[in-house]
Amino acid sequence: MRIPIKSVTPETGHAEICGFVHEVRDLGGLAFFLIRDRTGILQVTIPKKKVSEAVLAAAKAVSRESVVRISGPVKAVEKAPGGRELVPETFEIISLAETPLPLDVSEKVSVELDTRLDGRFLDVRRPRVAAVFAIRSAAMHAINDYFHKEGFISITTPKIVAAATEGGTELFPIAYFDKEAYLNQSPQLFKQMMMAAGCEKVYEIGPIFRAEEHNTTKHLNEATSIDIEVSYADHIEVMRILEDVIVKTYEYVDKTCSDHLANMEITDFAVPKGPFPRLPYSEAIEIAKKKIEDPIKYGDDIGSAAERAIGAEMGGHYFVVDWPTEIRPYYAMPYENDPTICKAFDLMHPRMELSSGAQRVHNHDQLVQQIAKKGLNPESFDFYLKPFRYGMPPHAGWGLGADRLIMTMLGLSNVREAVLFPRDMHRLVP
RNA sequence: GCCCAGGUAGUGUAGUGGCCUAUCAUGAUUGCCUGUCACGCAAUCGACUCGGAUUCGAAUUCCGACCUGGGCGCCA
């Protein structure tokens, strides 16, 4: 029976392990093999005069990163890593790795991200990279767990859609039999429809697609979005949920991922403290005005330079609230007492935007008016508008970028590092 | 879409017109080595993205193509 390397201790007695050959150090009469599985690395020591011919032959033939099965007695040896080593009675090469390797798994020389992504399966063998995805998995678990505990219904909505409904971004056209179709940019309209369906609290974690030709460290053409929509809630309420999700996710990672964080050499993992500051858009602009050279005025979008300047000033997660209605999508609810600003918000990490959301317009006629005001044709929104005519609860929601959440949580320099097989304008394979 | 910077062994790099038969590290192959832990030692192998131009001479200059990294805009 194979046992995980982590559970091989000086007291184990006899063990069978499977894994990759991490490193080989041949001293002549004595050879050391480091065998790695998902749980750790074990030293296998071969005193050449004392092992069988078969073991010797396999040890000589094996290459780095080959898959092997090894069994034998475990001995407590002080000078071995982890205080124990295995001396093989059997040494089976299950799958021989070709040489040379496309990238160095043992990290003796650095590798560029592009090379890493070309050979992602090898890249993820590196413990520091595997840790990113183990932590991502834990984070997603915490998020799912939070929503289930809070009574949300998990939904799945179509990624193949008929029209460019939301506006504001380029979509990927696809061939759908004899019709024109697109990959969906967000579940926005569908999750709103689920409010009309009476589900009250829904969430979806799924892919979104944007055909923008951007070339930055924080954009992808296929991203993972965490989306919620809540009936009878306003923007204040869903901001509280968002803050809660962020804090609880960090807490869960902090509590359960210490080994993975150690593999990434993260020693100062900090759980953000709620509540996050609510910074009105107008004040954000004032901060940016003082700190950046490029002119910025009320009514402008907050660009990258301004975003960084404000982030430095705030020092942690914060919300930008009370945006001008003009620069937010048509579905954002304007304030009753001042319709020039609306109940929309962005959640910011000092490095970048993580999420945006709003209380939505739930009145049909007002929505039609706002669509028209944005220069869009309400007739092409019929499937979306229809639910608003048969009883639509007031509602609010947000979308949170899962990849950016992991990127900022782990201090990764490129969002592609947080995604197993990222899609950008230059990369379609693997 | 606009702008900038790049493309040298499997990997990461040095090299700004002749001293390049191209540096260093890592790797691979072979040999030596019984306590390595980035093992050590020796030998060997392995590269200038492609096409054109300038020049006596191009990895190096110019033009084009292809590929890559990054910034902006916009966004998650």
Side-chain angles (χ1 to χ4, degrees), chain A residues 22-34 41-51 60 63-65 75 77-82 85 87 97-119 122-123 166-170 185-188 205-227 242 294 300-308 327-329 346-349 351-357 398-408 413-416 418-419 424-427:
Chain A
H22 187 68
E23 260 187 83
V24 181
R25 284 192 271 275
D26 187 346
L27 272 58
L30 186 66
F32 300 103
F33 286 73
L34 299 183
I41 291 177
L42 177 69
Q43 175 164 293
V44 169
T45 303
I46 301 184
K48 291 186 185 171
K49 286 176 183 161
K50 295 177 187 165
V51 297
K60 186 150 173 61
S63 55
R64 291 202 311 162
E65 295 304 320
K75 291 174 182 161
V77 179
E78 215 168 285
K79 49 198 165 186
E85 68 181 21
V87 179
E98 282 182 19
T99 57
L101 298 162
L103 60 89
D104 177 20
V105 176
S106 64
E107 301 188 320
K108 286 177 187 168
V109 289
S110 55
V111 202
E112 289 201 345
L113 185 57
D114 192 48
T115 308
R116 291 173 49 197
L117 294 176
D118 280 339
L122 272 175
D123 185 46
E166 205 175 329
T169 190
E170 295 293 316
Q185 70 181 97
S186 103
Q188 177 67 28
I205 300 175
I208 57 170
F209 304 92
R210 310 270 164 103
E212 303 281 352
E213 293 184 0
H214 31 222
N215 198 358
T216 76
T217 54
K218 58 182 184 182
H219 287 94
L220 294 164
N221 293 297
E222 177 176 355
T224 301
S225 179
I226 301 159
D227 266 271
L242 178 50
D294 291 334
D300 289 346
D301 270 311
I302 297 175
S304 298
E307 203 171 274
R308 281 189 297 271
I327 58 172
R328 299 299 289 206
D346 280 357
L347 173 67
M348 308 296 299
H349 177 277
R351 286 174 69 192
M352 72 192 74
E353 180 182 339
L354 293 182
S355 169
S356 61
W398 43 255
L400 167 66
D403 315 298
R404 286 187 180 182
L405 175 66
I406 301 303
M407 175 192 185
T408 52
S413 56
N414 193 313
V415 71
R416 290 162 183 80
V419 179
D424 60 45
M425 62 184 289
H426 298 300
R427 181 172 291 279

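This one's a predicted model, so the numbers in the text were calculated from it and none came from an experiment. In what follows, chains are A, B, ... by sequence order, proteins preceding strands, each numbered from 1.
Spacing between A9(B) and U13(B) at atom C1', rounded to whole Å, works out to 11 Å. The separation of U23(B) from G10(B), taken at their P atoms, amounts to 15 Å, rounded to a whole angstrom. Only the P atoms considered, G6(B) is 10 Å distant from U61(B), to the nearest whole Å. Remark: the separation of the P atoms in A53(B) and A58(B) is 12 Å, to the nearest Å. Look at the C1' atom in both U44(B) and U36(B): the space between them is 25 Å, to the nearest Å. Atom name P, nucleotides U16(B) and C75(B): the rounded distance is 45 Å, in whole Å. As rounded to the nearest Å, A43(B) and C48(B) have C1' atoms that lie 26 Å from one another. A distance of about 43 Å separates the C1' atoms of G35(B) and U21(B), rounded to the whole Å.
Closest to the S304(A) side chain, of the nucleotides C72(B), U34(B), G31(B), is C72(B). Checking C75(B), G31(B), G35(B) against every side-chain atom of E353(A), the shortest atom distance belongs to C75(B). Looking at the side chain of T216(A), the nearest of the listed nucleotides C72(B), C37(B), U34(B) is C72(B). Among the nucleotides U26(B), G73(B), G69(B), the one closest to any side-chain atom of N215(A) is G69(B). Of the candidate nucleotides C75(B), G35(B), G73(B), C75(B) has the atom nearest to the side chain of K218(A). Comparing A76(B), U29(B), U11(B) by their nearest atom to the side chain of T115(A) picks out U11(B). Of the candidate nucleotides U34(B), A76(B), G35(B), G35(B) has the atom lying nearest to any side-chain atom of F32(A). For H214(A), the side-chain atoms get nearest to A76(B) when compared with the rest of A76(B), U29(B), G27(B). Proximity note for R404(A) (side chain, C-beta onward) versus G71(B), C33(B), C75(B): the nearest is C75(B). Nearest nucleotide to the side chain of T217(A), out of G70(B), G35(B), C75(B): G70(B).
The base-pairing partner of A5(B), taking Watson-Crick or G-U wobble contacts with both distances under 3.5 Å, is U68(B). When both distances must be under 3.5 Å, the Watson-Crick or G-U wobble mate of U34(B) does not exist. Applying the Watson-Crick and G-U wobble criteria (two distances, each under 3.5 Å), U54(B) pairs with nothing in any strand. Checking U23(B) for Watson-Crick or G-U wobble geometry (two distances, each under 3.5 Å) identifies no partner in any strand. In this entry A76(B) has no Watson-Crick or G-U wobble partner, no candidate having both defining distances under 3.5 Å. In this structure U16(B) sits in no base pair that meets the Watson-Crick or G-U test at under 3.5 Å.
Counting non-hydrogen atoms under 4.0 angstrom, R308(A) reaches the backbone sugars and phosphates but no base. Nucleic acid contact class of P47(A) (heavy atoms, under 4.0 Å, all strands): none. S110(A) comes within 4.0 angstrom of the backbone, heavy atoms only, and of no base. D403(A) comes within 4.0 angstrom of nothing in the nucleic acid, heavy atoms only. A31(A) comes within contact range of no nucleotide atom at all, as no heavy-atom separation falls under 4.0 Å. Residue-level contact check: N414(A) touches the backbone only, with heavy atoms under 4.0 Å from sugar-phosphate atoms and none from bases. Residue contacts for L405(A): at a heavy-atom cut-off of 4.0 Å it reaches no nucleic acid atom on any strand shown. Among the protein residues, K49(A) comes within range of the nucleic acid bases, having at least one heavy atom under 4.0 Å from a base atom.
In this entry the distance linking NE2 of H219(A) with P of C2(B) reads 18 Å, nearest Å. One can place CG of L27(A) at 11 Å from C1' of C32(B), the figure rounded to the nearest angstrom. Here the P atom of nucleotide G73(B) and the CG atom of D300(A) are 11 Å apart, to the nearest Å. Rounding to whole angstrom units, CZ of residue R351(A) and P of G71(B) are separated by 11 Å. Between the P atom of C33(B) and the NZ atom of K60(A) lies a distance of 12 Å, rounded to the nearest Å. Nucleotide G7(B) holds its P atom 18 Å from the CG atom of L113(A), rounded to whole Å. A straight line from CD of E307(A) to P of A76(B) spans 11 Å, rounded to a whole angstrom. We find that CD of E222(A) is positioned 17 Å from P of A76(B), with the value rounded to whole Å.
Residues R427(A) and L117(A) come closest through the heavy atom pair CZ-CB, 3.5 Å. Shown here for P102(A) and T115(A), the closest heavy-atom pair between the two residues is O-CG2, 4.0 Å.
Side-chain atoms of E112(A) stay outside donor-acceptor range of the base of U11(B), with no qualifying N/O pair under 3.5 Å. At a cut-off of 3.5 angstrom, counting only N and O atoms as typed in the model, there is no donor on one side facing an acceptor on the other between the side-chain of E85(A) and the base of C37(B). Side-chain atoms of E78(A) and base atoms of G35(B) include no donor and acceptor less than 3.5 Å apart. No donor-acceptor contact under 3.5 Å links the side chain of D114(A) to the base of G69(B).
By the neighbour-count criterion of 12 heavy atoms within 6.0 Å, atom NZ of K75(A) is sparsely surrounded, having that number or fewer from other residues, nucleotides or ligands.
Between H426(A) and U68(B) there is a side-chain N or O to OP1 or OP2 distance below 4.0 Å. Note on S356(A): a side-chain N or O is less than 4.0 Å away from OP1 or OP2 of A76(B). Distances shorter than 4.0 Å separate none of the side-chain N or O atoms of R427(A) from OP1 or OP2 on C67(B).
Summary of the strand contacts: M425(A) and V77(A) both lie near RNA chain B, and taking for each the nucleotide with the nearest heavy atom, the more 5' one is attributed to M425(A). Comparing R64(A) and K79(A) by the nucleotide of RNA chain B whose heavy atom lies nearest to each, the residue mapping closer to the 5' end is R64(A).
The pair D301(A)-R328(A) does not count as a salt bridge, with every side-chain nitrogen at least 4.0 angstrom from each carboxylate oxygen. Note on E307(A) versus K218(A): salt bridge recorded, some NZ/NE/NH1/NH2 to OD/OE distance being below 4.0 Å. By the 4.0 Å N-to-carboxylate-O rule, D26(A) lies too far from K60(A) to be salt-bridged with it. Checked for salt-bridge contact, D403(A) and R416(A) miss the test: no charged N lies under 4.0 Å from a carboxylate O. Between D104(A) and R116(A), no side-chain nitrogen of the basic residue sits less than 4.0 Å from a carboxylate oxygen of the acidic one, so the salt-bridge criterion is not met.
When only modelled atom types and interatomic distance are considered, S106(A) and E23(A) share no side-chain donor-acceptor pair under 3.5 Å.
Here the side chains of R64(A) and T99(A) are not in contact, with every heavy-atom distance at 4.5 Å or above.
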